[in-house]
Amino acid sequence: MWQNNDCMINYRVYGNGIPIIFLHGYRLDKNSLEIFFEKNANYEYLNIFKRFYIDLPGMGKSTPGENISTSVDILNCLNEFITDIIGYETFFLVGQSYGGYLAQGLLKLRSEQIGGVFLMCPVVKALKRDRILPVKTKPNIFGFEEIPQNIIFEDFMENNINVNPENWARYQNEIVKGLQAGNQVFLDELEIKGYKFVFEEELSRNIYKVPAYILLGKQDSVVGYLDMSFFLSQFTNCNFHVLNEAGHNIQIDQSNLVIQLFDNFLNQVIK
């Protein structure tokens with residue numbers, strides 16, 4: 001646990017070596033990435049890295065102070081955490097959804113220190129009304145003897161395309177626990193009043209030479225993929241992938257492809 005005057009951050013570390021920070025989606029917790037990557041990634045590459053899985057302030061077991069009310073505040077808290085825990089050595093970022101939004105903010109603050117980014121379905125436009133979203137696609141439901149009838153399963157179908165018992169079990173283990181653990185009052189207020197970076201329009205203007213892997217779901221009805229083409233020019237070393245049959249929880253819908261691309265990313269950045 002790390003703490004400053006504004007927030008307390010719960011995190012877990014695996015291994016030693018080059019730091020790599022994992023930033024999860026909004027209202028989730030570190031388990032949404034930790035369970036998936038630690039179980040599936042190629043350890044020939046993964047063991048070269050010191051992996052930091054973080055609960056973002058107000059989510060999981062991390063708590064926000066009274067001065068945390070916007071995404072900029074969360075970004076500044078993360079920035080202090082990195083200064084204290086990692087210092088000024090090169091590190092890498094993995095960000096999913098809102099975690100990808102924060103990763104873009106960290107690039108703005110510490111671009112000379114960040115050696116590469118791996119972004120899955122990142123938020124690039126905070127306001128939902130500004131996003132270009134694909135037509136809603138019906139999920140592929142198969143393998144169930146009986147379809148669960150509850151609000152959690154409905155949320156699962158909203159964010160996933162491949163709806164089967166295996167993915168449903170993963171959703172409950174990797175996603176639902178985080179959804180239930182957060183400070184809902186804090187998150188509701190931040191989403192309404194302070195989710196958008198005041199400098200959001202600046203994020204797409206900077207040019208970076210570090211390796212970037214951008215993974216998007218073609219059926220992602222949360223952030224879409226049509227707003228993301230600027231990454232191709234923003235990162236001169238960009239691997240841009242739009243995966244079919246993938247919703248917002250791309251690491252569940254297309255886990256094998258995501259891990260293959262993640263292993264490629266690690267292999268590329270260690271060369």
Side-chain angles (χ1 to χ4, degrees), residues 18-26 33 49 54 56 70-72 74-76 78-79 82 86 88-134 195-244 246-248 250-251 254 257-258 260-271:
I18 306 165
I20 184 168
I21 299 174
F22 293 77
L23 303 174
H24 60 76
Y26 202 68
L33 299 180
F49 295 86
I54 293 173
L56 296 171
T70 70
S71 291
V72 172
I74 289 178
L75 178 65
N76 290 335
L78 283 175
N79 195 40
I82 292 168
I86 294 177
Y88 296 95
E89 64 178 300
T90 297
F91 68 93
F92 296 84
L93 286 171
V94 175
Q96 197 245 348
S97 190
Y98 182 67
Y101 193 56
L102 294 171
Q104 294 168 74
L106 287 170
L107 267 169
K108 182 179 185 298
L109 298 178
R110 311 182 79 110
S111 61
E112 294 183 0
Q113 189 180 354
I114 296 172
V117 296
F118 186 91
L119 305 182
M120 301 181 295
C121 303
V123 171
V124 298
K125 294 181 178 179
L127 301 181
K128 293 179 181 179
R129 64 175 180 266
D130 293 337
R131 301 171 186 170
I132 302 174
L133 300 177
Y195 190 99
K196 182 178 179 178
F197 287 146
V198 294
F199 49 79
E200 180 180 275
E201 288 72 19
E202 300 174 24
L203 292 177
S204 61
R205 297 175 189 164
N206 296 323
I207 304 298
Y208 304 108
K209 296 181 180 180
V210 298
Y213 274 63
I214 312 297
L215 278 60
L216 309 171
K218 192 173 183 181
Q219 288 78 32
D220 184 343
S221 59
V222 178
V223 300
Y225 65 93
L226 294 170
D227 292 314
M228 314 286 184
S229 60
F230 72 90
F231 283 123
L232 288 165
S233 56
Q234 180 177 46
F235 292 97
T236 58
N237 188 358
C238 183
N239 293 268
F240 189 89
H241 302 270
V242 180
L243 305 188
N244 193 30
H248 193 55
I250 195 170
Q251 78 280 12
Q254 293 292 346
L257 276 174
V258 171
Q260 179 183 338
L261 291 167
F262 181 65
D263 289 343
N264 289 348
F265 169 71
L266 297 184
N267 186 37
Q268 181 177 349
V269 300
I270 61 178
K271 287 182 177 178

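Note that these values count all heavy atoms, side chains included, but never hydrogens, waters or copies made by symmetry.
Nearest heavy-atom pair, Val123 versus Arg131, reported as atom, atom and distance to 0.1 Å: CG1-NH2, 3.9 Å. In this structure, Ser97 and His248 approach most closely via the heavy-atom pair OG-NE2, 2.8 Å. Between Cys121 and Gly247 the shortest heavy-atom distance is SG-O, 4.0 Å. The shortest heavy-atom contact between Gly115 and Pro211 is O-CD, 3.3 Å.
In this structure, Val198 and Thr70 have side chains that are not in contact, with every pair of non-hydrogen atoms separated by 4.5 Å or more. Between Leu203 and Val124 the shortest side-chain heavy-atom distance does not fall below 4.5 Å. Put simply, the side chain of Gln96 does not reach to within 4.5 Å of the side chain of Phe22, judged on heavy atoms. Between Phe49 and Val269, some side-chain heavy-atom pair lies under the 4.5 Å cut-off. The closest side-chain heavy-atom distance from Gln268 to Asn239 is below 4.5 Å. Looking at Leu216 and Ile250, their side chains never come closer than 4.5 Å, going by heavy atoms from C-beta outward. Between Phe92 and Phe118, the closest side-chain pair of non-hydrogen atoms is not below 4.5 Å. Counting heavy atoms from C-beta outward, Leu78 and Ile54 have side chains that approach closer than 4.5 Å.
Formation of a donor-acceptor pair under 3.5 Å by the Gln113 side chain with backbone atoms of Phe91 is not found in this model. No donor-acceptor distance shorter than 3.5 angstrom exists from the side chain of Gln234 to the backbone of Ile207, with no hydrogens or angles considered.
Within the model, atoms CG of Leu33 and CD of Gln251 stand 6.5 Å from one another, a figure rounded to the nearest 0.5 Å. Taking CG of Leu93 as the start and CD1 of Ile114 as the end, the distance is 4.5 Å to the nearest 0.5 Å. To the nearest 0.5 Å, atoms CE (Met120) and CG (Leu23) are separated by 10.5 Å. Atom-to-atom distance recorded for Leu75:CG and Leu102:CG is 6.5 Å, nearest 0.5 angstrom. Rounded to the nearest 0.5 angstrom, Lys196 NZ and Leu127 CG are separated by 5.0 Å.
For Phe240 and Phe235, the gap between ring centers reaches or exceeds 6.0 Å.
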Self-check item: Step-by-step side-chain contact (heavy atoms from CB on, under 4.5 Å) determination, Leu107 to Asn206
Solution: CA-CA 9 Å; Leu107 267 169; Asn206 296 323; over 6 Å; no
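In this structure, Lys108 does not pair ionically with Glu200, as no charged nitrogen and carboxylate oxygen lie closer than 4.0 Å.
Between Tyr213 and Phe265, the two ring planes are perpendicular [angle over 60°; tilted spans 30° to 60°]. The aromatic rings of Tyr101 and Phe197 sit parallel, their planes meeting at an angle under 30°, below the 60° perpendicular limit.
No option in Tyr195, Tyr26, Tyr98 other than Tyr98 meets the side chain to side chain donor-acceptor pair (under 3.5 Å) test with Ser71.
By the side chain to side chain contact (heavy atoms under 4.5 Å, CB included) test, Glu89 pairs with Pro19, Ile86, sequence neighbours left out.
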Donor-acceptor pairs under 3.5 angstrom involving side-chain atoms of residues 221-232: please list them, not counting sequence neighbours.
{"from": "Ser221", "atom 1": "OG", "to": "Lys136", "atom 2": "NZ", "distance (Å)": "3.2"}
{"from": "Asp227", "atom 1": "OD1", "to": "Lys125", "atom 2": "NZ", "distance (Å)": "3.1"}
{"from": "Asp227", "atom 1": "OD2", "to": "Ile132", "atom 2": "N", "distance (Å)": "2.8"}

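In the displayed structure, Glu201 atom CD is contacted under 6.0 Å by more than 12 heavy atoms of other residues, nucleotides or ligands.
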